[in-house]
Protein chains: 2
Amino acid sequence: MLHPLSTSQALRLWHDVGLAQVKDEEADLSVRQMTILLSIYLEPPPHTVRGLAAKLNVSKPVITRALDAMGKLGLVTRRRDDKDLRNVLIQRTVKGALYLERLGDTVSSVSKAI
Amino acid sequence: MLHPLSTSQALRLWHDVGLAQVKDEEADLSVRQMTILLSIYLEPPPHTVRGLAAKLNVSKPVITRALDAMGKLGLVTRRRDDKDLRNVLIQRTVKGALYLERLGDTVSSVSKAI
DNA sequence: CCTGATTGTTACGGCTCCGTTCCAGTTATC
DNA sequence: GATAACTGGAACGGAGCCGTAACAATCAGG
């Protein structure tokens with residue numbers, strides 16, 4: 001159970017985390033990409049392009065291109081579905097898990113200073 | 001005083017807020033732009049290009065371009081400093097305040113569902 | 001004054017992401 | 001089998017942001 005944040009606490013948190021990311025030059029992902037990555041890692045598989053596009057209310061090419069970019073960074077992998085060769089199953093990677101764990105740690109750490 | 005977030009709570013929070021932003025097709029500011037905007041509104045004036053660049057550890061043109069973009073959206077205004085005409089003072093706007101208040105409400109609201 | 005430092009801005013080439021449209025491959029239905 | 005429906009991806013032109021290198025305007029110190 002999370003203690004609810006006030007509006008001003010939320011803004012302070014957003015500012016401090018953003019500042020940490022910008023200064024550390026680690027924020028390579030856009031908000032869209034980050035949300036896609038978090039969906040893949042926080043929600044139960046399987047994840048498909050179609051499903052992610054519907055969930056985020058964006059077009060399929062947006063998902064495809066985001067997967068291209070994050071795949072190039074090693075944060076995500078694609079594999080065809082053996083059951084239905086039209087589908088592409090998006091899979092997690094160790095690097096992606098570490099990336100998000102580091103993000104979570106940053107947020108958690110910043111929250112302790114507010 | 002803010003109750004510290006765990007790593008997994010932080011990731012869930014980030015995901016849900018990102019999802020709300022992407023779905024609502026809100027004005028899409030980059031992480032850099034958002035951090036600049038938050039700095040202007042959360043920290044005491046005066047704000048200058050030079051000062052923001054130093055604080056965020058980015059080059060001055062990054063600040064100038066971000067101010068151009070956000071100024072076009074009405075989130076921020078610039079005015080020359082009468083004391084030193086080299087300086088440009090960045091000022092808040094009603095629209096910018098409302099924009100951030102809405103962001104804070106989104107984060108706060110999402111936090112109550114975790 | 002005049003030279004040098006400081007401020008913010010512009011210009012350039014390059015890269016990424018976007019929205020739309022169209023396409024190849026696979027499956028379902030008859 | 002033939003046709004329609006579905007999947008993910010490619011192609012196109014357009015827009016935004018980036019880093020670097022310049023620039024005009026302004027101030028400070030001799």
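We name chains A, B, ... by the order of the sequence lines, and we start the count at 1 in each one.
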Inset, instruction - Drop me the distance from K23(A)'s NZ to K55(B)'s NZ, to the nearest 0.5 angstrom. - result: 9.0 Å
Inset, instruction - Report yes or no: do H15(A) and S39(B) form a side-chain donor-acceptor pair below 3.5 Å? - result: yes
Inset, instruction - Evaluate side-chain contact (heavy atoms from CB on, under 4.5 Å) for V62(B) paired with R65(B), printing each intermediate quantity in order. - result: CA-CA 5 Å; V62(B) 166; R65(B) 289 185 294 242; 3.9 Å; yes
Inset, instruction - Determine whether the side chains of T48(A) and N87(A) contain a donor N or O and an acceptor N or O closer than 3.5 Å. - result: no
Legend entry - First-last contacting nucleotides on DNA chain C - partner chain B, under 4.0 angstrom, heavy atom: dT6(C) to dA11(C)
Legend entry - Connected via hydrophobic side-chain network under 4.5 Å: L73(B) and V31(A): yes
Legend entry - Spacing of CG belonging to L29(B) relative to CG belonging to L103(B), to within rounding of 0.5 Å: 9.5 Å
Legend entry - First and last nucleotide of DNA chain D, 5' to 3', lying under 4.0 Å from heavy atoms of chain A: dC6(D) to dA11(D)
Legend entry - Heavy-atom side-chain proximity of R92(A) to V76(A) below 4.5 angstrom: no
Legend entry - R80(B) side chain vs R86(B) backbone, donor-acceptor pair below 3.5 Å: yes
Inset, instruction - Taking only heavy atoms on the protein side, list every residue of residues 34-58 of chain B lying under 4.0 Å from any atom of DNA chain D, sorted numerically. - result: none
Inset, instruction - Starting from the 5' end of DNA chain C, give me the residue, P61(B) or K72(A), whose nearest nucleotide shows up first. - result: P61(B)
Inset, instruction - Output yes when D68(B) and K72(B) qualify as a salt bridge under the 4.0 Å nitrogen-oxygen rule, no when they do not. - result: no
Inset, instruction - Check the surroundings of atom CZ in R78(B): do more than 12 heavy atoms from other residues, nucleotides or ligands lie under 6.0 Å from it? - result: yes
